[in-house]
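So that the names make sense, note that chain A is the first sequence line, chain B the second, and so on, each numbered from 1.
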There are 2 protein chains.
Amino acid sequence: MPLKVLRTEPRYLAIQRYVQELIEGPDYAPGDNIPSERVLADKLGANRMTVRKAIDRLVAAGLLERNSTSGTRLPPPKVTRPLNPRTSLGISRLVQISGGTPASRLLYFEAGRASASVAARLRIDEGADLMIFRRLWMVDTTPFCIETSHIPAVRVPGLAAEDLTSGRSLNALLRERYGISVFSGEREIGVVHCNEQEAKLLQLAPGDAALVLRLVSADTAGRPIEYLRSINHPQLVLFRTEMGEAQP
Amino acid sequence: MPLKVLRTEPRYLAIQRYVQELIEGPDYAPGDNIPSERVLADKLGANRMTVRKAIDRLVAAGLLERNSTSGTRLPPPKVTRPLNPRTSLGISRLVQISGGTPASRLLYFEAGRASASVAARLRIDEGADLMIFRRLWMVDTTPFCIETSHIPAVRVPGLAAEDLTSGRSLNALLRERYGISVFSGEREIGVVHCNEQEAKLLQLAPGDAALVLRLVSADTAGRPIEYLRSINHPQLVLFRTEMGEAQP
DNA sequence: GATCCAAATTGGTATATACCAGTTTGGACA
DNA sequence: TGTCCAAACTGGTATATACCAATTTGGATC
């Protein structure tokens, strides 16, 4: 039985990563146009159709929007304000609070080991080293979500609590320090009942129902990066997913 | 201001509909392979890349699966049994019940008029004629979901209660009698508390939390067809959505 | 400085072609 | 009848090219 040979990465994936890093970098803001397909193809020495495939995937993921004759741009802020802390792509979380910017408070940060269920989701061995941390998200003074993240320690050597309180997004950190572009994922949404701590943090009563989102995100090549479990305030949060018209 | 001209339908959309009707027809069952891209292109007199784009979209929608060297097939039944009554595409509903096939019971069927909120979702005028019906879904004797559908009456002239109890799926009916292929949609998931009737039907207590899914489905061209509100049993049902690896 | 029109630009669609790496298939051979 | 290998077939990737419709841009003209 021969070793599984790592196929060389398809060109469109490299281009997809290039564009994703471009738009997540400091030079681009929501509403900005990216260079046209022809310009990108020219600059990268690739065919327009290959560039197009990379952009197609980013559009399908919600990272970009096409506007037939006026270019491709970063999605401008939406009317329904899809607040995006850690729900990237495919699902957006609508937080029914007037305005403001979401902010987080780090509740804890520690090393740990993978339980059987977490190991299965991350496709690693049970007992493997993990970094585990929990954050409380709020708009102004209103908490709407508790998120607990599990990341294989080997993927993020040197990750420290300060990294999560520096104001930089986790995605930006993963990309800039570890060269990981978070792209795809699987999500499950269900109902749970708050325990005492969760209820207190979300200003609910113990036993109240909440929306739970479980997310396994992966990099551009599909390798699992993070398992996230988030408990969402039942009256303040709604999940939305679209499909079809946004499709290329 | 000139009339908005209806652009001729792109070829890949016509092919997409052709393939969708093919696989939803009586000749195909889960696990079956569809004809290869080359064969389809040949039969339809189109280029393989155009056929490929149509199939790409069906794959992204979850209606088909690719298997690199062994063809493209209808997704075989999954381990986690994504029961599919009216949740098609993008989201699958996992019902945590041993086995069996879901069946429905028609609770009511009547003509009505669009409220402001329903009219907005279906992009029709307030007060427009609707067909409204409600069904209870169950596996064996265990109910897991109540679904209320709203369909513009002009889209389904002659629709009768018998049509919904004939065992045929609504999608099949829309396609075969009205020539409508349901393809895309927008979904919202949140928490609601059951009223007395809902609780009774789902064997819960009034006021218990449940998962609510609101779905606006549309045809291949993106025209809204149906607004569906479904109340799901909080312990039995879980929603899942994927994105990334399944993408073309 | 304002107006208007032609040219350039943009994404959207469609086709043709080529090669690759696995899987399946069919037939030759033992 | 069973085994094995080459050929055929599959989807995956990549390039080149062409045309369309709509918007944006730039410059000439008033």
Taking every heavy atom of A:Leu228 against every heavy atom of A:Ser149, the minimum-distance pair comes out as CD1-OG, 3.3 Å

So does A:Ser68 get a side-chain nitrogen or oxygen closer than 4.0 Å to the phosphate oxygens (OP1/OP2) of C:dG12?
-> no

Provide, to the nearest angstrom, the distance between the CZ atom belonging to B:Arg66 and the C1' atom belonging to C:dG22.
-> 16 Å

Counting side-chain heavy atoms from CB outward, which of C:dG11, C:dT15, D:dG11 is closest to B:Arg52?
-> D:dG11

Using only side-chain N and O atoms of B:Thr69, determine if any of them is under 4.0 Å from OP1 or OP2 of D:dG11.
-> no

Separation of C:dT15 C1' from B:Ile15 CD1 (nearest whole Å) | 12 Å

Nucleotide D:dT10, atom C1' - distance to CD of B:Glu65 in whole Å | 16 Å

Result for 5'-nearest mapping on DNA chain C, choosing between B:Arg38 and B:Ala46, is B:Ala46

Would a distance-only check, ignoring hydrogens and angles, find a side-chain to backbone donor-acceptor pair under 3.5 Å from A:Tyr178 to A:Pro157?
-> yes

B:Tyr12 vs C:dT13: side-chain N/O to OP1/OP2 distance below 4.0 Å | yes

B:Leu40 has an atom CG; how far is it from atom C1' of C:dA14, in whole Å?
-> 17 Å

What heavy-atom pair brings B:Ala54 and B:Gln16 nearest, and what distance separates the two atoms?
-> CB-N, 3.6 Å

Can you check whether B:Lys53 has a side-chain N or O nearer than 4.0 Å to OP1 or OP2 of C:dT13?
-> yes

Does A:Ser70 put a side-chain nitrogen or oxygen below 4.0 Å from OP1 or OP2 of C:dT10?
-> no

Can you tell which of C:dG12, D:dA14, C:dA16 lies closest to the side chain of A:Pro10?
-> D:dA14

What's the CZ-P distance between B:Arg57 and C:dG12, to the nearest Å?
-> 12 Å

To the nearest angstrom, the CG-P distance between A:Asp42 and C:dT10 comes to 11 Å

Measure from CG on B:Asn47 to C1' on D:dT15 and round the result to the nearest Å.
-> 13 Å

Among D:dA21, C:dA14, C:dT23, the one nearest any side-chain atom of B:Thr50 is C:dA14

Please say which of B:Arg48, B:Lys43, B:Lys53 ends up in a salt bridge (Lys or Arg N to Asp or Glu O under 4.0 Å) with B:Glu37.
-> B:Arg48

Round to a whole Å and report the spacing from CZ of B:Arg48 to P of C:dT17.
-> 14 Å

List the atom of A:Val216, the atom of A:Arg121, and the distance in Å for their closest heavy-atom pair.
-> CG1-O, 3.5 Å

Between D:dT10 and B:Ser36, is there an OP1 or OP2 to side-chain N/O distance shorter than 4.0 Å?
-> yes

Whichever of A:Arg11 and A:Arg73 has its nearest DNA chain D nucleotide further upstream toward 5' = A:Arg11

